[in-house]
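The block underneath contains the structure these notes are about, expressed in structure tokens.
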Amino acid sequence: MLGSCLLIALEGLAPAAAFAQAPATSSDTSPARFLSNFEKRVTVKVLPNGLTLMICERPEAPVFSYFTIVDAGDANDPGGESGLAHMFEHLAFKGTTDIGTTDYAAEKIALDKVEAAYAAYDTEYRKRVGQDPAKLKQLHDAFLAAQKDAQQYVIPNEFTEIAEANGASGLNASTSLDSTQYFWSMPQNRLQLWAYMESDRIANPVPREFYKERDVVMEERRMRVDSNPIGRMVEQFLAAAYVAHPYHRPNVGWASELSQITATEAEAFHKKYYVPANITVAVVGDVKPSDMPMLEKYFGAIPAGPKPEEMTTVEPPQTAEKSVIIKDPSQPLYLEGYHRPDYRDPDDAVYDAIQDIFSNGRTSRLYRSLVRDQQIAAEAEGFSGFPGDKYPGLFAFFAVPNQGHSPQEMRTAIHKEIEKLKTTDVSDEELAMFKTRARASLLQGLGDNEGLAEQLATYQLRYGDWRELFNQLQKIDAVSKADIRRVANKVFLDTNRTYAMVETAAPQQAANGGAQ
């Protein structure tokens, strides 16, 4: 039954909701059962400049969706420039040398003056000895004046307005520690317009209104981290859990670094990481292999560049438990994490199983124990691949105590559940439910053009072959009770643990206490 549902999904003939209730048998999960049909719909081509283009035919409606993934995220921010990768999400649709400007030649001169004015101001600002307040104000005023002069050439939101006037919907971008993504959907008869706009956006971006957007990101940081107890706890937690790897940095950036990154640094980042060899683009919908030459014309014109070198920093093994205790006039919270390998690890599906058993719905172990039975927590969950999974990440546990209960109680209760997993096999029902839900979740992600484009591009980038997406079914089916106990005993060790807790404190005590 699942095999036929999967075929329907891949052919775009049924809504994603149809998968959730589908029973499955082991024979239905064989990729060979459906890949021969699906392969006829997918065309992959690596262009001479290194960019990977993918087309998947779903002609049931005259629309298409695309997903561009750049193999660079916040973990790739250069030292002292945290938050830089995230800026490209905010600059995504500011336009190009052709779109968003009344006169790019004049605007380029004005933008160069902005950078020169900011460099002069920044040099004075960074002086630890001998800073001249009067000169600093004069230089800052000159910087503001240069920004104002450059602004006269900007046509606000022109890129977005052109796209939306031609039927684009869901136009957006996102940044993670591992990658940066861009996506929207459009009518099929605008495919060539999209190809021009997206390739132009990659090849010829202009960091216009950079400092205005930097201020927006600074405000985002204040809202999500500085003014948010969970955000502050997570930031301190990751800084403690990682001593070497860039996962120890917040994806929005450290405030002191974020406040001083420049458009010049952004251009250098783009030149290094936004090269075709580091980019995969998937288009799904009413498209055909015969469209590939037209797409090649636009995306093949993007100048080639060397693929960025792989990151060499490896987080050293953790040998002692680490802790962060924050006294704050807020809700008490608890978070702990254990280092685990990256997504390429043979046991990756086993971690998914553990996450499902601990946290998937009201039948999950943490919900039943902490929330329903003991009633000590308002929320309790475990999750894998935090804060990313391209590099070795964490399997983490998070709990929010109910009134009258403490983070220490969350810690004790979570550890009891971990010990059960380490010493006793999960039930047949728990394992079967994981496999059913995992299959359904994978298939639901293929139920629309947007989801399929994202999955195809991501798997092609991560594994070098989109077919690996369907091999996940075999890996899910292969997970055993013994695997779960083995991995739990290997990873959930006190010496491999970092924990953070927020203890409710009066405002004055919090001001004097802080993180320990």
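Predicted, not measured: the structure shown is a model, and the values here were computed from it. Hydrogens, waters and symmetry mates play no part in the numbers below; they use all other heavy atoms, side chains included.
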* Asked: Could you go step by step and tell me if K390 and S179 meet the side-chain contact (heavy atoms from CB on, under 4.5 Å) rule?
  -> CA-CA 9 Å; K390 179 180 176 182; S179 60; over 6 Å; no
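- Put simply, the side chain of F67 does not reach to within 4.5 Å of the side chain of M54, judged on heavy atoms.
- The main-chain N or O of C56 is never found under 3.5 Å from a side-chain atom of R41 such that the two would form a donor-acceptor pair.
- Remark: the backbone N or O of A119 is paired with a side-chain donor or acceptor of T123 at under 3.5 angstrom.
- Shown here is K113, whose NZ atom has no more than 12 heavy atoms of other residues, nucleotides or ligands within 6.0 Å.
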* Passes side-chain contact (heavy atoms from CB on, under 4.5 Å), R58 versus L452? Steps please. -> CA-CA 10 Å; R58 266 187 170 172; L452 181 54; 3.7 Å; yes
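- Between T68 atom OG1 and I202 atom CD1 the span is 5.0 Å, to the nearest 0.5 Å.
- In this structure, E315 contributes its side chain and V243 its backbone to a donor-acceptor pair below 3.5 Å.
- Taking the side chain as every heavy atom from C-beta outward, F269 and P78 approach each other to under 4.5 Å.
- In this structure, the side chains of Y182 and V70 come closer than 4.5 Å at one or more pairs of heavy atoms.
- Here Y118 and F143 bring their ring centres to under 6.0 angstrom of each other.
- Shown here is K307, whose NZ atom has more than 12 heavy atoms of other residues, nucleotides or ligands within 6.0 Å.
- Once rounded to the nearest 0.5 Å, the distance linking CG of D122 with OG1 of T262 reads 8.0 Å.
- Salt bridge annotation for K94-E213: present, with a cationic side-chain nitrogen under 4.0 angstrom from a carboxylate oxygen.
- For the side-chain contact (heavy atoms from CB on, under 4.5 Å) test with Y351, the passing option among D389, V487, V479 is V487; the others fail.
- For E235 and R224, the salt-bridge test fails: no basic side-chain N is under 4.0 Å from an acidic carboxylate O.
- Taking the ring axis of Y343 as reference, the NZ or CZ atom of R462 stays within 45° of it and closer than 6.0 Å to the ring centre.
- The existence of a salt bridge linking D347 and K490 is confirmed by a sub-4.0 Å separation between a basic side-chain nitrogen and an acidic carboxylate oxygen.
- Using a 4.5 Å heavy-atom threshold, the side chains of H90 and E209 count as separate.
- Salt bridge status for K435 with D477: absent, with no side-chain N to carboxylate O gap under 4.0 Å.
- Salt-bridge check for D356 with R437: passed, with a basic side-chain N closer than 4.0 Å to an acidic carboxylate O.
- A distance of 5.0 Å separates CZ in R249 from CG in D77, rounded to the nearest 0.5 Å.
- Between L469 atom CG and Q455 atom CD the span is 5.5 Å, to the nearest 0.5 Å.
- Annotation for M311: atom CE counts as buried by contact number, over 12 foreign heavy atoms lying within 6.0 Å.
- In terms of heavy-atom proximity, F88 sits nearest to A266 at CZ-O, 3.1 Å.
- Using a 4.0 Å cut-off between charged side-chain N and carboxylate O, K288 and D286 make a salt bridge.
- Side-chain polar atoms of Y66 and E198 form a donor-acceptor pair below 3.5 angstrom.
- A ring pair (Phe, Tyr, Trp, His ring centres under 6.0 Å) with Y242 is found for one member of Y247, F386, F237 and no other, namely Y247.
- When ring centroids are compared, F470 and Y459 stay outside the 6.0 Å threshold.
- Distance check: I476 CD1 to D348 CG gives 10.0 Å after rounding to the nearest 0.5 Å.
- In this structure, the side chain of D178 does not engage the main chain of G388 through any donor-acceptor pair within 3.5 Å.
- Between the side chain of E81 and the backbone N or O of I261, no donor-acceptor pair lies under 3.5 Å.
- Panel note: side chain E107, backbone Y153; no donor-acceptor pair is recorded below 3.5 Å.
- Between the side chain of E454 and the backbone N or O of G451, no donor-acceptor pair lies under 3.5 Å.
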* Might you work through the side-chain hydrogen bond (donor to acceptor under 3.5 Å, both in side chains) test for Q192 and Y298, ending with a clear yes or no? => CA-CA 9 Å; Q192 185 168 0; Y298 290 99; 2.8 Å; yes
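- The two residues V491 and N496 have their closest heavy-atom pair at O-ND2, 3.0 Å.
- Distance alone, capped at 3.5 Å, places no donor-acceptor pair between the N251 side chain and the D74 backbone.
- Among all heavy-atom pairs drawn from L442 and L446, the shortest one is O-CG, 3.5 Å.
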* Dump the intermediate steps for side-chain contact (heavy atoms from CB on, under 4.5 Å) on M294 and L191, then the final yes or no. => CA-CA 9 Å; M294 181 272 289; L191 182 64; 3.7 Å; yes
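- Side chains of F395 and Q355 form a contact here, defined as non-hydrogen atoms less than 4.5 Å apart.
- With T180 contributing its side chain and A72 its backbone, the two residues share a donor-acceptor pair below 3.5 Å.
- Under the 30°/60° scheme for interplanar angles, the aromatic rings of H245 and Y391 are found to be tilted.
- Closest heavy-atom contact between R201 and F159: CD-CZ, 4.0 Å.
- In terms of modelled atom types and a separation under 3.5 Å, the side chain of Q460 and the main chain of G464 share a donor-acceptor contact.
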* Check the pair F434, N360 against side-chain contact (heavy atoms from CB on, under 4.5 Å), reporting the backbone distance first and the verdict last. => CA-CA 9 Å; F434 153 66; N360 199 326; over 6 Å; no
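- Expressed to the nearest 0.5 Å, how far OG1 of T160 lies from CZ of F93 amounts to 6.5 Å.
- Scanning both residues, L295 and A195, for their nearest heavy atoms gives CD2-CB, 3.8 Å.
- Inter-residue side-chain proximity for L394 and L238 is flagged as met; some heavy-atom pair is nearer than 4.5 Å.
- A salt bridge does not link E468 with R344: every distance from a Lys NZ or Arg NE/NH1/NH2 to an Asp or Glu carboxylate oxygen is 4.0 Å or more.
- The environment of Y125 atom OH is sparse: at most 12 non-hydrogen atoms of other residues, nucleotides or ligands sit within 6.0 angstrom.
- For the pair Q472 and K475, the minimum side-chain heavy-atom distance is below 4.5 Å.
- For the pair M186 and L193, the minimum side-chain heavy-atom distance is below 4.5 Å.
- The minimum heavy-atom distance between A150 and V114, with the atom names listed, is CB-CG2, 4.0 Å.
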